[in-house]
Amino acid sequence: MLRLAVKESNALRPIVNSVGFRGFHASAPREATLKELEIRLKSIRNIEKITKTIKTVAQTKLNRAQRSMDLAKKYQTVSNEFFDEAGTQAPKDGKTLLIACSSDKGLCGGIHSSISRLIRKELVDPNVEQNTSICVLGEKVRSQLHRYYPGSLYLTFAHIGGASPSYEEALQVSSNILENANEFDRIVIVYNRFASAVSFETVMKNLYTRQSIAESPNLFAYEASSEVHQPLMEYAFTNAIFAAMAEAHCSEMSSRRNAMENASKSAGEMINKFSTIYNRQRQASITNELIDIVTGANALG
Amino acid sequence: MAFAWKKNFSYSKYASVCSQTVRQALKPEIRSDLKGSNNVEFVYAKWKNGNQEPAQTYRSADAEQQK
């Protein structure tokens, strides 16, 4: 009956297969000893503790990040005011610069992979791929995109996305990106929009270039010379990057929190399962010893 | 002489330089009230044909001081 219980728990298979090579087992796999079970139980308990800590940290950061995100979005509304009044249209095609906003850290669910999936979907058409350069904020997305489109990478940033972005950071990132941005007809930001505390949505946002500002239908309403267009575009670009980075950071915190909560829950279930098996095994070995003692006593007299 | 800086660098760089200068010009008592989020530090690298050129670090002037 114990053998049956052991076979039921597939989780114990790794203990048995830790020999290191895939052999052809002619005999049934051996049962896990009490010691091995204890070690495994202890390691799962540690994992549960770690994931719970990561979850609480992510929860605190999420609260702070949500406040920063609401403040950052106000910058965006400031620039959008002009674009709404002037009727500017963002360009839809031409030489494109894709900016992926993410971060360096993992253990956050599907944040990074959903961004690279959206970019890969966009670049499936080889004509589009020729015309596109990718700028990446964050190591995780960079390594994923490097596997698929190494030739399209243009500029990558690291050590970024660890905390909610400051405007200073957005200014520096945007000035680095804009050094060579005049050769692009169309600029797009890809980031994770914070939909709710349990979900995020990866979106692409078309930004306004200097050309599109100059071609705005209602531009005559503003008495400004044409030399304002370039700084205005750069200012709006910085605001857009700031808002996107803030929102991406917030989505990442909430996704990490959810992922770690699921991990703790699974670890808790595994602990229950293993505790039962451990206790059963312990009782069985005690019973065996008792049987030996009683048999021995009977044999003597 | 409006936009004298326009020939040499972008508006973002101009705004960044101005704000860092102002922050550094503050008296020490007031500067300690500032939040440290303005110490920006990151690493960036340009890519050419799938090869990464050597990475360069950017550290804002406030971060330099803090170190």
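Throughout, protein chains are lettered first and strands after them, A, B, ... in sequence-line order, and every chain is numbered starting at 1.
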Of all the heavy-atom pairs spanning E169(A) and G161(A), show the shortest one and how long it is. OE2-N, 4.4 Å
Scan side-chain atoms only and decide if N239(A) and Y167(A) contain a donor-acceptor pair under the 3.5 Å cut-off. yes
Just checking, any donor-acceptor pair under 3.5 angstrom between side chains of E179(A) and S10(B)?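 Per modelled atom types, E179(A) and S10(B) side chains form no pair under 3.5 Å.
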So which of S166(A), S174(A), P165(A) has the biggest tally of heavy-atom pairs under 4.5 Å with chain B?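 The candidate making the most pairs under 4.5 Å is S166(A).
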Side-chain donor-acceptor pairs under 3.5 Å in residues 225-237 of chain A, sequence neighbours left out?
| unit_1 | atom_1 | unit_2 | atom_2 | d |
| --- | --- | --- | --- | --- |
| Q230(A) | OE1 | R210(A) | NE | 3.4 |
| Q230(A) | NE2 | E234(A) | OE2 | 2.8 |
| E234(A) | OE1 | Y11(B) | N | 2.5 |

Between [X] and [Y] (side chain of the first, backbone of the second, donor and acceptor by atom type, cut-off under 3.5 Å), is there such a pair?
X       : Y       : result
H112(A) : K105(A) : yes
R23(B)  : R31(B)  : no
E247(A) : R193(A) : no

[X] versus chain A, the contacting section by heavy-atom distance below 4.5 Å:
X      : result
V43(B) : both
E53(B) : neither
F42(B) : both

If you measure from NZ on K205(A) to CD1 on I99(A), what distance do you get to the nearest 0.5 Å?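 Separation between the atoms: 12.5 Å.
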Residue by residue, which of residues 123-152 of chain A have a heavy atom closer than 4.5 Å to a heavy atom belonging to chain B? R142(A), H146(A), P150(A), G151(A)
Measure distances from [X] to the heavy atoms of chain B and classify the residue's part below 4.5 Å as side chain, backbone, both or neither.
X       : answer
L178(A) : side chain
T238(A) : side chain
F157(A) : both
A163(A) : neither

Name every donor-acceptor pair, under 3.5 Å, that has one atom in a side chain of residues 83-93 of chain A and the other anywhere in the protein, sequence neighbours excluded.
| unit_1 | atom_1 | unit_2 | atom_2 | d |
| --- | --- | --- | --- | --- |
| T88(A) | OG1 | S216(A) | OG | 3.2 |

Under the salt bridge (charged side-chain N to carboxylate O under 4.0 Å, His left out) rule, collect the residues that match up with E215(A), sequence neighbours excluded. none
